[in-house]
> 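Could you have a look at this structure, given as structure tokens, before my questions?
Computation of the quantities below employed the complete heavy-atom set of this structure, encompassing side-chain atoms and omitting hydrogens, waters and symmetry-equivalent molecules. Since the structure is predicted, the reported quantities are computational estimates derived from the model, not experimental observations.
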Amino acid sequence: SFVTLGQRVLANPLKVRMHYGHPDVFDRLWFLGRGGISKASRVINISEDIFAGFNCTLRGGNVTHHEYIQVGKGRDVGLNQVSMFEAKVASGNGEQTLSRDVYRLGHRLDFFRMLSFFYTTIGFYFNTMMVVLTVYAFVWGRFYLALSGLEEYITRNTSTTNNAALGAVLNQQFVIQLGLFTALPMIIENSLEHGFLNAVWDFLKMQLQFASVFYTFSMGTKTHYYGRTILHGGAKYRATGRGFVVEHKKFAENYRLYARSHFLKAIELGVILVVYASYSSSAGNTFVYILLTLSSWFLVSSWILAPFIFNPSGLDWLKNFNDFEDFLTWIWFQGGISVKSDQSWEKWWEEETDHLRTSGLWGSILEIIIDLRYFFFQYAIVYRLHIASGSRSILVYLLSWTCILLAFVALVAVAYFRDRYAAKKHIRYRLVQAVIVGATVTGIVLLIEFTNFQLIDFFTSLLAFLPTGWGIISIALVFKPYLRRSETVWKTIVTVARLYDILFGVIVMTPVAVLSWLPGLQEMQTRILFNEAFSRGLHISQMFTGKKGHGV
């Protein structure tokens, strides 16, 4: 619908069509007298040549749309290709949002053209980001209401209809999140070409093929890259390719693509929802909890499982087992000068944080402020530990930081002795490890014996301290140029970051492994997502592979 209905409506009556790819033809003589076509920056002007359309409109011109013949074109059909394309376009829209061209258009267009221009360019990405930020604000807000005791006070002193009203509002957000509005142009396009009933049937069939999971996942891609580009810049061209897409993608490849944009955010929201279920007074009523958190849980599960649901043989137990071994090999591979990111975790980690290197002062400050939310997580949970004995003193929070400090000292000590003794005098290195483990166990035993500390506090405190550790690493990356001057400190940060990525990988792989273990799901996935010919071919190839493996 984008290249047919979309282009027609943009050109007439909205009069806000700009430039959307290779078929557009320029009036060269008109442009030469009005500043030319090209722009100086290959970073800001990454979104095709839409800036030529901006210039044309600003100088009193108009971009029209004429259809002579429609020709089918090969497009991205694999999830990874689609995500890379959306990442490129979302980054480009982030740069457009910051550009002077869009600023000038916003000031000079009349009211109706301005709204049309906004909602057909950067407004779509801005609104998508606001939907995700709304989910974040809601989940974090309910989390603090629950752990501060305010939710219990409100529930006790007011009627429960507040939660029902909030549930009604959330359901409206859920409709947008599922992509039902995004699919409307497609329904209209199919109605024109095939009839209304066929269009509705196609739409229902898409829902059975996990279209809502795809839309929710796609929303995360747009939000991440649009928001990151606004904060730090760094839009770049991403070669999507037009390869053969019905091939199995390895877990390590999916992790590299989606770890920061989807998996990490989904784990964060999932942990908050679990803690909320444990401490919220509303969670006692199962129906109310489901009503309040259904859309959030759907978002979490979509962001974690979508790359594997839309991956051929993504729920194959043997393939996932081999993929996870490959993932661990990639994680522990020591980098070199000419090593690529798909070979070494360390190289990938450097590339993933490269946007912070070119970030401005305000981008760095905002990044630090955003990362502070992980410390609030710790602040909320430590007061719920039995060892706190119901105290509300700030000393409880300050004392909890001694645990972080001791853990950091232990890691620095292990890193130092590993570099010094691991190669030749490894017995000393093992002795240091044994002393640290023994001291930790002794400390826990003493706390249980002489304080109100309970064993459950150990696991609860992990939920407090693990986010804090990730927050420290995230902030440390902002100060990377200064921290690299100390080799010991930087090596410790790299070591801890590697351990966190292993933890994230295990968390992501766990539901995938459970689904792979359940019988019949792999065959169902193949039949639902792919056409009959490919499904048959996949089953035949599996039979041959099985026979070959059996023969060996």
> Search all heavy atoms of Gln378 against all heavy atoms of Ser400 and return the closest pair with its distance.
NE2-OG, 2.7 Å
> Using the test side chain to side chain contact (heavy atoms under 4.5 Å, CB included), find all partners of Val514 that sit at least two apart in sequence or belong to another chain.
none
> What distance do Tyr289 atom OH and Ser280 atom OG have between them, rounded to the nearest 0.5 Å?
8.5 Å
> Got a donor-acceptor contact below 3.5 angstrom from the Trp348 side chain to the Arg256 backbone?
yes
> Under 3.5 Å, is there a donor-acceptor pair between the side chain of Ser474 and the main chain of Trp470?
yes
> Just checking Tyr383: does its OH atom have more than 12 heavy atoms from other residues, nucleotides or ligands closer to it than 6.0 angstrom?
yes
> Can you name the salt bridge (charged side-chain N to carboxylate O under 4.0 Å, His left out) partners of Asp354, sequence neighbours left out?
Arg357
> Is there a side chain to side chain donor-acceptor pair (under 3.5 Å) between Glu95 and Thr229 once you walk through the steps?
CA-CA 7 Å; Glu95 295 288 5; Thr229 306; 5.8 Å; no
> Roughly how far, to the nearest 0.5 Å, is NE2 of His107 from OH of Tyr103?
3.5 Å
> Taking the ring of Phe138 and the ring of Phe143, is the distance between their centroids below 6.0 Å?
no
> State yes or no: are the ring centers of Phe310 and Phe217 separated by less than 6.0 Å?
no
> Using a distance-only test with no angle check, is there a side-chain donor-acceptor pair under 3.5 angstrom linking Ser261 and Lys265?
no
> For Ser116 and Leu14, which heavy atoms make the closest approach, and how far apart are they?
OG-CD2, 3.4 Å
> If only side-chain N and O atoms count, and only distance matters, is there a donor-acceptor pair under 3.5 Å linking Trp140 with Tyr136?
no
> Leu231 vs Ser359, test: side-chain contact (heavy atoms from CB on, under 4.5 Å). Steps then yes/no.
CA-CA 8 Å; Leu231 273 180; Ser359 182; over 6 Å; no
> Answer yes if the side chains of Asn127 and Tyr119 hold a donor-acceptor pair under 3.5 Å, and no otherwise.
no
> Within the distance-only criterion (no hydrogens, no angle test), does the side chain of Arg8 pair as donor or acceptor with the backbone N or O of Leu5 below 3.5 angstrom?
no
> Are the charged groups of Glu352 and Arg260 less than 4.0 angstrom apart, N to O?
no
> Tell me if a side-chain donor or acceptor on Ser301 pairs with a main-chain N or O of Phe298 at a distance below 3.5 Å.
yes
> Under a 4.0 Å N-O cut-off, is there an ion pair linking Asp110 with Lys15?
no
> Regarding Tyr258 and Ser83, is there a side-chain donor-to-acceptor distance under 3.5 Å anywhere?
yes
> Supply the atom-to-atom distance Phe118 CZ to Leu115 CG, rounded to the nearest 0.5 angstrom.
8.5 Å
> Hey, what do you get for CZ (Phe465) to OG1 (Thr460), rounding to the nearest 0.5 Å?
10.5 Å
> Output yes when a side-chain donor or acceptor of His262 lies under 3.5 Å from a complementary backbone atom of Ile304, and no otherwise.
no
> Take atom CZ in Phe26; do more than 12 heavy atoms of anything else shown fall under 6.0 Å from it?
yes
> Can you find a pair of side-chain heavy atoms, one from Val512 and one from Leu305, that are under 4.5 Å apart?
yes
> State whether the side chain of Ser99 and the backbone N or O of Gln96 hold a donor-acceptor pair below 3.5 Å, judged by distance alone.
yes
> Looking only at heavy atoms, which two atoms of Leu299 and Leu269 are closest? And how far apart?
CD2-CD1, 3.5 Å
> Could you tell me whether Phe504 and Phe263 have their ring centroids closer than 6.0 angstrom?
no
> Is a side-chain donor or acceptor of Tyr226 paired with a backbone partner of Thr128 at a separation under 3.5 angstrom?
no
> Would the distance check show the side chain of Arg384 and the main-chain N or O of Leu147 forming a donor-acceptor pair, the cut-off being under 3.5 Å?
yes
> Apply the side-chain contact (heavy atoms from CB on, under 4.5 Å) test between Thr468 and each candidate in Trp401, Tyr374, Tyr379; give the one that qualifies.
Trp401
> Hey, what do you get for CD (Glu350) to CG (Leu477), rounding to the nearest 0.5 Å?
9.0 Å
> Tell me yes or no: between the side chains of Thr64 and His66, is some donor less than 3.5 Å from an acceptor?
yes
> Working note: Asn311 + Asn254, criterion side-chain contact (heavy atoms from CB on, under 4.5 Å); need CA distance, chi angles, decisive distance, verdict.
CA-CA 10 Å; Asn311 186 13; Asn254 283 329; 3.8 Å; yes
> Answer yes if the ring centres of Phe251 and Phe327 are under 6.0 angstrom apart, and no otherwise.
yes
> Answer yes or no: is there a donor N or O on one side and an acceptor on the other, between the side chain of Gln525 and the main chain of Phe308, under 3.5 Å?
yes
> Short question: side chain of Arg498, backbone of Ile331 - any donor-acceptor pair under 3.5 Å?
yes
> How about Asp501 and Trp345: does a side-chain donor come under 3.5 Å of a side-chain acceptor?
yes
> For side-chain contact (heavy atoms from CB on, under 4.5 Å), just list the numbers for Ile309 and Leu315, CA-CA rounded to whole Å, side-chain angles, deciding distance to a tenth of an Å, and then say yes or no.
CA-CA 7 Å; Ile309 290 174; Leu315 299 179; 5.7 Å; no
> What about His19 and Phe51, are their ring centers closer than 6.0 Å?
no
> Is the closest side-chain donor-acceptor distance between Gln207 and Ser212 under 3.5 Å?
yes
> Just verifying a value: how many Å separate Ile187 CD1 and Phe203 CZ, rounded to the nearest 0.5 Å?
4.5 Å
